[in-house]
Amino acid sequence: MSAPAIPHHIAIVMDGNGRWATRRFLPRVAGHKQGVESLRRCVRACAVRGVRVLTVFAFSSENWNRPRDEVSGLMDLLAGALAREVPRLSADGVRLHFVGERSGLSERIAAGLAKAEQETAVNERLVLNVCFNYGGRWDIAQAAASLAARGEPLTEANLHGAMALAHVPDPDLVVRTGGEQRLSNFLLWQSAYSELFFSERLWPDFDEAALDEAIAAFARRERRFGQTSAQVADAAGQPDRRQPA
Ligand code: IPE
Ligand code: IPE
Ligand code: MG
């Protein structure tokens, strides 16, 4: 079956902010600031196109290893964005979830995340998962630990249900901007059958046209989930596009 025209769930590694800034002789934090603008544009564009879930990687478990001023700049940016963006997102029908280890964050930030989630909880147009202080390995380990604490068996289904993204289906399309072709500890469990798309664009330059390019590439993919092309075509009542006519 060829993929539907619009993915239900898109996940994005928003990479390249630092290079965007450095190329303009600006401090790296200026690139992160521009990255917030790019995210706002992307959320709107996804909602307009009928994408129902957008998951973005904003700060990884490993990003604590960056210079202290960049880390504190990112924390300040998050605090500012919470204050400024949440009313706008809510007006656009966006429901926010923050995904990641909260205990590593300051009380002020953690309280801001919880408030933003509460304030947007009734919205239904688009779910926006912001992965912050998140790592795919952290997620698998926390899911296993919570099952063990409840005395539940570590089955695939139980683990899936205990993951931080259990409230949404797995991503159909995982995009990484900035030219690197790696996952960097993003959605290790949930991306098992996602289509991958790597864009050379730096995240602040990832505009509607770049999003449409990723979606168009997705629509051309054949998702087989382990089956043969013939089986997939048969189930969809379509001719097998991999066989000679
Ligand atoms: C991604 O952009 C944002 C975060 C990791 C917070 P980078 O800051 O990694 O940008 P580059 O890769 O250095 O250009
Ligand atoms: C991944 O980007 C994390 C985010 C986009 C938040 P990085 O820039 O941290 O990844 P590496 O270090 O190049 O693998
Ligand atoms: Mg990077």
Side-chain angles (χ1 to χ4, degrees), residues 10-43 54-86 89 96-114 116-117 128-143 145 163-165 171 174-191 194 196-206:
I10 300 181
I12 306 182
V13 180
M14 306 184 293
D15 195 23
N17 295 345
R19 279 164 283 169
W20 184 93
T22 304
R23 283 177 196 175
R24 287 164 177 75
F25 306 102
L26 295 169
R28 291 178 58 86
V29 169
H32 298 312
K33 213 169 156 202
Q34 199 59 36
V36 176
E37 302 295 316
S38 191
L39 177 56
R40 186 193 305 133
R41 175 173 60 193
C42 186
V43 171
L54 176 64
T55 299
V56 294
F57 204 7
F59 190 87
S60 77
S61 314
E62 290 75 30
N63 287 148
W64 293 107
N65 296 324
R66 292 196 175 192
R68 209 182 330 169
D69 64 333
E70 184 169 344
V71 171
S72 64
L74 282 161
M75 296 298 155
D76 290 346
L77 205 58
L78 174 64
L82 282 171
R84 217 181 31 252
E85 304 291 336
V86 172
L89 289 168
L96 265 166
H97 285 273
F98 289 93
V99 178
E101 176 62 63
R102 302 249 176 137
S103 65
L105 303 174
S106 75
E107 263 176 47
R108 181 179 68 118
I109 297 241
L113 303 186
E117 288 181 333
L128 174 60
N129 299 305
V130 178
C131 296
F132 199 94
N133 198 15
Y134 170 89
R137 290 180 176 177
W138 163 81
D139 195 9
I140 294 167
Q142 71 76 25
M163 294 277 171
L165 278 179
V174 174
V175 174
R176 181 173 185 142
T177 64
E180 312 294 352
Q181 303 198 354
R182 56 176 172 257
L183 289 175
S184 301
N185 202 10
F186 188 47
L187 305 183
L188 298 182
W189 176 280
Q190 296 86 349
S191 63
S194 304
L196 306 180
F197 184 84
F198 298 100
S199 168
E200 289 298 320
R201 293 275 185 118
L202 303 176
W203 173 248
D205 295 328
F206 192 82

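Small disclaimer: the values here were computed from a predicted structure and weren't measured.
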Legend entry - Plane angle bin for Phe57 and Tyr134 - parallel if under 30°, tilted between 30 and 60°, otherwise perpendicular: perpendicular

Inset, instruction - Considering non-hydrogen atoms only, spot the tightest contact between Ala30 and Trp20 and give its length. - result: O-CZ3, 4.2 Å

Legend entry - Side-chain donor-acceptor contact under 3.5 Å, Asn63 with Ser60: yes

Inset, instruction - Ignoring hydrogens and angles, tell me if any N or O in the side chain of Arg40 forms a donor-acceptor pair with the backbone of Val36 under 3.5 Å. - result: no

Inset, instruction - Side-chain contact test, heavy atoms from C-beta onward, threshold under 4.5 Å: evaluate it for Leu183 versus Val13 and give yes or no. - result: no

Inset, instruction - Enter the distance from Lys33:NZ to Leu74:CG here, rounded to the nearest 0.5 Å. - result: 13.0 Å

Inset, instruction - Using distance alone, with no hydrogens and no angle criterion, decide if His97 and Asn129 have a side-chain donor and acceptor under 3.5 Å apart. - result: no

Inset, instruction - For the residue pair Arg23 and Leu202, establish whether any side-chain heavy-atom pair is separated by less than 4.5 Å. - result: yes

Legend entry - Value rounded to 0.5 Å, distance of CZ in Arg28 from OG1 in Thr22: 5.5 Å

Inset, instruction - Please report the closest heavy-atom contact between Leu54 and Cys42, naming both atoms and the distance. - result: CD2-SG, 4.4 Å

Legend entry - Spatial distance of atom CZ (Phe59) from atom CE (Met14) [nearest 0.5 Å]: 12.0 Å

Legend entry - Interatomic distance, Glu85 atom CD to Leu39 atom CG [nearest 0.5 angstrom]: 8.0 Å

Inset, instruction - Return yes if a side-chain donor-acceptor contact under 3.5 Å exists between Arg137 and Ser61, otherwise no. - result: no

Inset, instruction - Report, as yes or no, whether the 6.0 Å neighbourhood of atom CD on Glu62 holds more than 12 heavy atoms from other residues, nucleotides or ligands. - result: yes

Inset, instruction - Report yes if the side chains of Asp139 and Gln142 come closer than 4.5 Å at any heavy-atom pair, otherwise no. - result: yes

Legend entry - Nearest non-hydrogen partners of Trp64 and Asn133, listed with the distance: NE1-OD1, 2.8 Å

Inset, instruction - Give the minimum heavy-atom separation between Gly35 and Asn17, together with the two atoms involved. - result: CA-OD1, 4.0 Å

Inset, instruction - Enter the distance from Leu77:CG to Arg84:CZ here, rounded to the nearest 0.5 Å. - result: 7.0 Å

Inset, instruction - Using modelled atom types only, decide if a donor and an acceptor are shared between the side chain of Gln181 and the backbone of Phe198 within a distance under 3.5 Å. - result: no

Legend entry - Sidechain-backbone polar pair: Arg19 side chain, Gly178 backbone, donor-acceptor under 3.5 Å: yes

Inset, instruction - Mind checking the CG-CG spacing from Leu78 to Leu113? Nearest 0.5 Å is all I need. - result: 5.5 Å

Inset, instruction - For the pair Arg201 (side chain) and Gly16 (backbone), establish whether a donor and an acceptor sit closer than 3.5 Å, ignoring hydrogens and angles. - result: no

Inset, instruction - Could you tell me how the ring of Phe206 sits relative to the ring of Trp203: parallel (under 30°), tilted (30 to 60°) or perpendicular (over 60°)? - result: parallel

Legend entry - Test item: Ser191 side-chain N/O and Ser194 main-chain N/O as donor-acceptor pair under 3.5 Å: no

Legend entry - Val99 vs Thr55 side-chain heavy atoms within contact, under 4.5 Å: no

Inset, instruction - Would you check if Glu37 and Pro204 make a side-chain contact, meaning some heavy-atom pair closer than 4.5 Å? - result: no

Inset, instruction - Determine the minimum heavy-atom distance between Trp138 and Gly100, stating which atoms define it. - result: CH2-C, 3.4 Å

Inset, instruction - Measure across Val71 and Arg66 and return the closest heavy-atom pair with its distance rounded to 0.1 Å. - result: CG2-O, 3.7 Å

